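Note that the structure is predicted; figures quoted are calculated from it, not measured.
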Amino acid sequence: MSKKRIAIGGFQHETNTFCPFPTSLADFEKADSWPALTKGNAVIDIFKTLNIPIGGFIKANTDWQLIPVLWAAAEPAGKVDHHAFNAIVNLICRGIEDAGPIDGVY
């Protein structure tokens with residue numbers, strides 16, 4: 001029996017609505033206290049040792065074939081601008097579509 005295929009990814013941001021500066025796509029693309037926007041197999045390579053939920057999920061996995069899609073985070077700041085939000089959501093959705101048949105999404 002083949003392993004279940006689980007697409008994995010993440011999009012995280014702590015938004016401060018009092019901050020006048022929006023969070024742009026460039027803020028997600030640069031590494032700071034979080035890794036830079038990460039795609040494909042690099043998601044597993046980079047996050048498997050980090051003490052965050054996706055890292056624990058990767059590390060604990062023994063039963064599924066993980067299909068890494070994308071992980072993005074930016075430092076706490078103002079609202080995520082529409083361009084950044086749409087770009088990241090579209091990358092995640094396209095990655096899931098491109099993965100072919102999957103059994104679940106994390």
Side-chain angles (χ1 to χ4, degrees):
M1 185 168 162
S2 63
K3 290 185 172 190
K4 299 285 187 188
R5 293 171 39 90
I6 308 298
I8 63 170
F11 183 6
Q12 126 180 358
H13 185 255
E14 180 181 335
T15 300
N16 178 340
T17 59
F18 296 106
C19 179
F21 309 109
T23 304
S24 70
L25 184 58
D27 294 315
F28 289 93
E29 294 173 330
K30 68 180 177 187
D32 41 41
S33 31
W34 297 107
L37 188 144
T38 308
K39 299 178 187 175
N41 289 331
V43 171
I44 291 176
D45 297 339
I46 291 171
F47 292 92
K48 66 184 174 188
T49 61
L50 296 184
N51 188 21
I52 60 173
I54 195 170
F57 186 79
I58 293 167
K59 187 176 180 180
N61 173 55
T62 58
D63 299 325
W64 307 303
Q65 177 186 356
L66 300 183
I67 311 299
V69 175
L70 175 134
W71 191 88
E75 287 296 304
K79 293 178 183 177
V80 176
D81 71 32
H82 292 289
H83 171 73
F85 180 84
N86 290 332
I88 293 169
V89 168
N90 286 333
L91 286 169
I92 292 170
C93 290
R94 192 172 326 121
I96 292 170
E97 288 175 9
D98 291 348
I102 57 170
D103 300 294
V105 177
Y106 173 93

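For CG of Asn51, the number of neighbouring non-hydrogen atoms (other residues, nucleotides, ligands) closer than 6.0 Å is 12 at most. Environment of CG in Asn41: sparse, with no more than 12 heavy atoms of neighbouring residues, nucleotides or ligands closer than 6.0 Å.
Partners of Tyr106 under the ring pair (Phe, Tyr, Trp, His ring centres under 6.0 Å) rule, at least two apart in sequence or in another chain, are Phe57. In this structure, the salt bridge (Lys or Arg N to Asp or Glu O under 4.0 Å) partners of Lys30, at least two apart in sequence or on a different chain, are Asp27.
Once rounded to the nearest 0.5 Å, the distance linking CG of Asp98 with CZ of Arg94 reads 7.5 Å. How far CG of Leu37 is from CZ of Phe11: 9.0 Å, rounded to the nearest 0.5 Å. Distance check, rounded to the nearest 0.5 Å: CD1 of Ile58 to CD1 of Ile6 gives 13.0 Å. The structure places NZ of Lys79 at 15.0 Å from CZ of Phe21, a figure rounded to the nearest 0.5 Å. Atom CZ of residue Phe85 and atom CG of residue Asn90 lie 9.5 Å apart, to the nearest 0.5 angstrom.
Taking each heavy atom of Lys3 and Gln65 in turn, the nearest pair found is CB-N, 3.8 Å. Shown here for Leu50 and Pro35, the closest heavy-atom pair between the two residues is CD1-CG, 3.9 Å. The minimum heavy-atom distance between Pro68 and Gly40, with the atom names listed, is CB-O, 3.1 Å. The shortest non-hydrogen separation linking Ile102 to Ala99 is CG2-CB, 4.0 Å. Here the closest heavy-atom approach between residue Ala84 and residue Ser24 is recorded as CB-C, 3.7 Å.
Each of Ile52, Ile44, Ile46 was evaluated against Trp71; a single residue qualifies, Ile52, per the side-chain contact (heavy atoms from CB on, under 4.5 Å) test. Between Leu70 and the options Ile8, Ile88, Val43, a side-chain contact (heavy atoms from CB on, under 4.5 Å) holds for only Ile88.
If you chain together hydrophobic residues whose side chains sit under 4.5 Å apart, Trp64 and Phe47 fall into the same group. Ile92 and Ile67 fall into different hydrophobic clusters, where Ile, Leu, Val, Met, Phe, Trp and Tyr residues are linked whenever their side-chain heavy atoms come under 4.5 Å apart, directly or through other members.
Arg5 places a side-chain N or O within 3.5 Å of a backbone atom of Pro101 that can act as its donor or acceptor partner. Between the His13 side chain and the Glu75 main chain, a donor and an acceptor come within less than 3.5 Å of each other.
Looking at heavy atoms from C-beta onward, Ile96 lies in side-chain contact with Val69 at the 4.5 angstrom threshold.
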